[in-house]
Undergrad: 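I have a structure here, written as structure tokens, and I will follow up with some questions on it.
Residue numbers count from 1 along this sequence.
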Amino acid sequence: MDSRRKRQRRTSKRCVSEEVSSVAWELIDMTEQEEDLINRMYRLVGDRWDLIAGRIPGRKPEEIERFWIMRHREDFAAKRHGRYS
């Protein structure tokens with residue numbers, strides 16, 4: 001096997017990523033205080049999930065982002081309200 005193929009095999013092994021289906025996402029329960037803080041922080045800093053998560057003990061940036069997406073995107077909102085088939 002030539003060196004180019006070996007290199008290609010090594011990089012392809014490292015680049016394997018797991019796809020996540022948004023259909024399989026579970027709703028994340030947040031307290032009213034957490035939701036309020038996320039909303040206020042989002043208005044201040046935008047989608048800098050790591051900064052927002054740093055203000056909420058025990059929450060990861062990925063959790064905050066997923067909560068925000070599921071709460072504010074139209075397709076998730078329709079599903080939440082039972083209008084999604």
Undergrad: Give me the ring orientation class for Tyr42 and Trp49: parallel if the planes are under 30° apart, tilted from 30 to 60°, perpendicular past 60°.
TA: parallel

Undergrad: Considering residues at least two apart in sequence or located in another chain, which fulfil the salt bridge (charged side-chain N to carboxylate O under 4.0 Å, His left out) criterion with Arg40?
TA: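 Salt bridge (charged side-chain N to carboxylate O under 4.0 Å, His left out) list for Arg40, sorted by chain: Asp36.
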
Undergrad: Sequence neighbours excluded, which residues qualify as side-chain contact (heavy atoms from CB on, under 4.5 Å) partners of Leu51?
TA: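 Leu51 satisfies side-chain contact (heavy atoms from CB on, under 4.5 Å) with Val45, Arg48 only.
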
Undergrad: By the salt bridge (charged side-chain N to carboxylate O under 4.0 Å, His left out) test, which pairs, at least two apart or in different chains, include something from residues 50-60?
TA: Glu34-Arg59, Arg59-Glu63

Undergrad: Which residues pass the salt bridge (charged side-chain N to carboxylate O under 4.0 Å, His left out) test with Glu35, not counting sequence neighbours?
TA: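 For Glu35 the salt bridge (charged side-chain N to carboxylate O under 4.0 Å, His left out) partners, ignoring immediate neighbours, are Arg71.
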
Undergrad: Under the salt bridge (charged side-chain N to carboxylate O under 4.0 Å, His left out) rule, collect the residues that match up with Asp47, sequence neighbours excluded.
TA: none

Undergrad: How close do Ala53 and Pro61 get, counting heavy atoms only, and between which atoms?
TA: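 Ala53 and Pro61 have their closest heavy atoms at CB-N, 3.5 Å.
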
Undergrad: Cluster question for you: counting only ILVMFWY and a side-chain heavy-atom cut-off of under 4.5 Å, with indirect links fine, are Met70 and Trp68 together?
TA: no

Undergrad: Kindly indicate whether the side chain of Phe67, heavy atoms from C-beta on, has any atom under 4.5 Å from the side chain of Asp29.
TA: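 They are not in contact (no side-chain heavy atoms under 4.5 Å apart), so the answer is no.
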
Undergrad: In Å and rounded to the nearest 0.5 Å, what is the CD1 to CD distance from Ile28 to Glu62?
TA: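 It comes to 10.0 Å.
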
Undergrad: Can you find a pair of side-chain heavy atoms, one from Met30 and one from Ile64, that are under 4.5 Å apart?
TA: yes

